[in-house]
There are 2 protein chains.
Amino acid sequence: MQPGAAARTRKPLSRKRILAAAVALADDGGVAALSMRKIAAALGVVPMALYKHVANKDELLDGMIDAVVGEIDPPAAGVDWKPAVRGRVLSARRMLLRHPWAPGVIEARMKARSAPTPAVLGYLDSMIGIFRAGGFTLDLVHHAMHIMGSRVLGFSQELFEDSPGGEPDPDALPPEQMAARYPHVTELAMAVAHDAESVVGAGCDDQLEFEFALDLMLDGLERLRRAS
Amino acid sequence: MQPGAAARTRKPLSRKRILAAAVALADDGGVAALSMRKIAAALGVVPMALYKHVANKDELLDGMIDAVVGEIDPPAAGVDWKPAVRGRVLSARRMLLRHPWAPGVIEARMKARSAPTPAVLGYLDSMIGIFRAGGFTLDLVHHAMHIMGSRVLGFSQELFEDSPGGEPDPDALPPEQMAARYPHVTELAMAVAHDAESVVGAGCDDQLEFEFALDLMLDGLERLRRAS
DNA sequence: ACCTGAACACCGTTCAAGT
DNA sequence: ACCTGAACACCGTTCAAGT
């Protein structure tokens with residue numbers, strides 16, 4: 001028995017510990033940097049030991065999804081549908097900011113298995129329940145769920161985000177070429193970021209923008225609900 | 001010179017041919033099944049031959065993004081901002097239906113390099129230009145771009161889609177357990193799909209739902225534009 | 001019965017050897 | 001100078017050998 005062996009084996013390996021280590025690894029480093037071998041190394045365990053608790057990597061990713069979806073606050077009780085949905089969505093957003101890899105993993109899983117994980121299904125179910133309790137017809141709830149989940153351009157608002165992780169683009173255009181080739185992007189970026197540290201993205205309050213978009217959708221839904 | 005060599009070398013290898021082969025491979029099989037070695041095999045070429053035309057796999061993915069974004073129709077000229085934006089977004093959607101891997105690749109690239117590819121930047125620029133020409137203030141265009149790109153729940157509307165590619169979930173719950181555990185999802189699914197082939201998703205007109213969500217956003221933007 | 005090291009079939013990419 | 005096979009450092013997972 002070599003020194004340190006006791007410390008390493010103090011906490012026995014479990015599915016929960018494996019998932020926590022995997023989520024932590026994905027949080028800093030992205031899901032691309034996640035490997036069974038690295039998870040095992042982080043836990044001080046041989047790679048094959050993981051396979052006692054998770055069937056394979058896909059099943060591990062499913063477990064990670066359920067773990068982070070479980071972090072979303074439960075719906076507020078005794079409030080109107082609009083603040084209830086609003087609070088739920090903003091809580092989901094906070095979770096996604098902690099685990100930016102989650103949307104991609106959820107979507108990939110959806111495309112592969114064409115069904116969400118139980119936790120995601122539970123989240124959707126409770127969201128539908130809020131709309132129903134708020135007096136929405138089934139038809140309008142259906143529309144609402146599509147609206148809440150739609151991503152109109154297929155890529156998200158992080159497009160303009162100045163993510164601190166990535167290193168600056170090595171072949172970025174000089175500002176004057178940028179302005180000549182993309183005049184509207186440049187004009188908008190200049191207007192948004194008076195403190196012109198970076199041409200694109202700096203000085204944009206993403207939380208405010210997110211809530212602005214959310215409220216636009218909620219107000220639109222409220223109008224439809226009243227008309228129906 | 002063995003038979004077939006002439007046929008294989010008739011078309012010389014080029015960046016465009018490589019990108020076309022890569023896009024075709026990703027279209028059926030997903031981006032996970034895409035590998036330098038498979039692209040080379042599809043072109044009847046040794047893997048290392050690709051590296052004369054693309055620097056590495058990341059740069060190849062960038063090229064694939066620009067290729068498919070180039071498929072989006074140019075903006076209609078001489079029309080009001082609303083039909084112009086509407087047409088552009090619906091054209092983008094058609095492209096994304098042909099290349100369902102594109103959003104994930106665009107997002108991954110954004111997260112890694114924190115800057116969109118030139119073609120994506122060009123698309124955004126022209127979209128901003130449409131709003132500006134329609135009389136939107138810079139501030140409102142900024143909001144509008146966030147609204148168009150936002151994905152409120154972090155996962156897309158394909159959540160409920162009955163994608164034909166994936167095989168049926170092996171550990172799907174029987175309908176009665178489904179109804180007990182996810183009552184609202186089940187109620188909604190039953191209402192939407194009267195032809196109850198599959199419990200979730202069948203009979204939902206995604207194109208209609210997409211346009212419904214799009215129009216809700218466009219109408220909301222129009223109201224804001226008039227108020228400003 | 002349980003655990004695990006070696007092995008297999010992949011992957012992107014480097015690099016030196018061959019022409 | 002150009003091309004390319006072998007090799008390197010990874011990966012998820014199988015499987016048989018060891019305890």
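Convention: sequence-line order gives letters A, B, ...; per-chain numbering from 1. Note that this is a predicted model, so its numbers are computed, not measured.
In this entry the distance linking OH of B:Tyr51 with P of C:dA16 reads 17 Å, nearest Å. Atom CG of B:Asp58 and atom C1' of C:dG12 are 10 Å apart (whole Å). Remark: P of D:dC10 and NZ of A:Lys38 are 9 Å apart, rounded to the nearest angstrom. Taking atom CG of B:Leu50 as the reference point, atom P of C:dG12 lies 10 Å away to the nearest angstrom. Atom CE in B:Met48 sits about 12 Å away from atom C1' in D:dA6, given to the nearest Å. Taking atom NZ on B:Lys57 and atom P on D:dC10, their separation rounds to 17 Å, with Å as the unit. Computed from coordinates, the B:His53 NE2 to D:dC3 C1' distance equals 12 Å when rounded to whole Å. Across the protein-nucleic acid pair, A:Leu13 atom CG and C:dC2 atom P stand 16 Å apart, rounded to whole Å.
Between B:Ile39 and B:Leu60, the closest side-chain pair of non-hydrogen atoms falls below 4.5 Å. With a 4.5 Å cut-off on side-chain heavy atoms, A:Met64 and A:Leu34 count as touching. Residues B:Arg17 and B:His53 fail the side-chain proximity criterion, which asks for heavy atoms closer than 4.5 Å. Side chains of A:Arg88 and A:Asp73 form no contact here, defined as non-hydrogen atoms less than 4.5 Å apart. At least one side-chain heavy atom of A:Val89 sits under 4.5 Å from a side-chain heavy atom of A:Met127. Looking at A:Pro47 and A:Arg37, their side chains come closer than 4.5 Å, going by heavy atoms from C-beta outward. Looking only at side-chain heavy atoms (C-beta outward), B:Lys52 and B:Arg15 stay at 4.5 Å or farther from each other.
For DNA chain C, runs of at least 3 consecutive pairs of the Watson-Crick or G-U wobble type, with both hydrogen-bonding distances under 3.5 angstrom, map to C:4-8 with D:12-16, C:12-16 with D:4-8.
In this structure, B:Met36 reaches the sugar-phosphate backbone alone: every heavy-atom distance under 4.0 Å involves primed, P, OP1 or OP2 atoms, never a base.
Checking D:dG5, C:dT4, D:dC3 against every side-chain atom of A:Val46, the shortest atom distance belongs to C:dT4. Considering only side-chain atoms of A:Arg37, the nucleotide from C:dC3, D:dA7, D:dT13 that sits closest is D:dT13.
Side chain of A:Lys38 to main chain of A:Ala33: a donor-acceptor pair is present (N/O by atom type, distance under 3.5 Å, no hydrogens or angles).
Annotation: proximity of residues 19-30 of chain B to DNA chain D (heavy atom, distance under 4.0 Å) is found for no residue.
Under the 3.5 Å distance criterion, with hydrogens and angles disregarded, a donor-acceptor pair is assigned to the side chains of B:Asp66 and B:Thr117.
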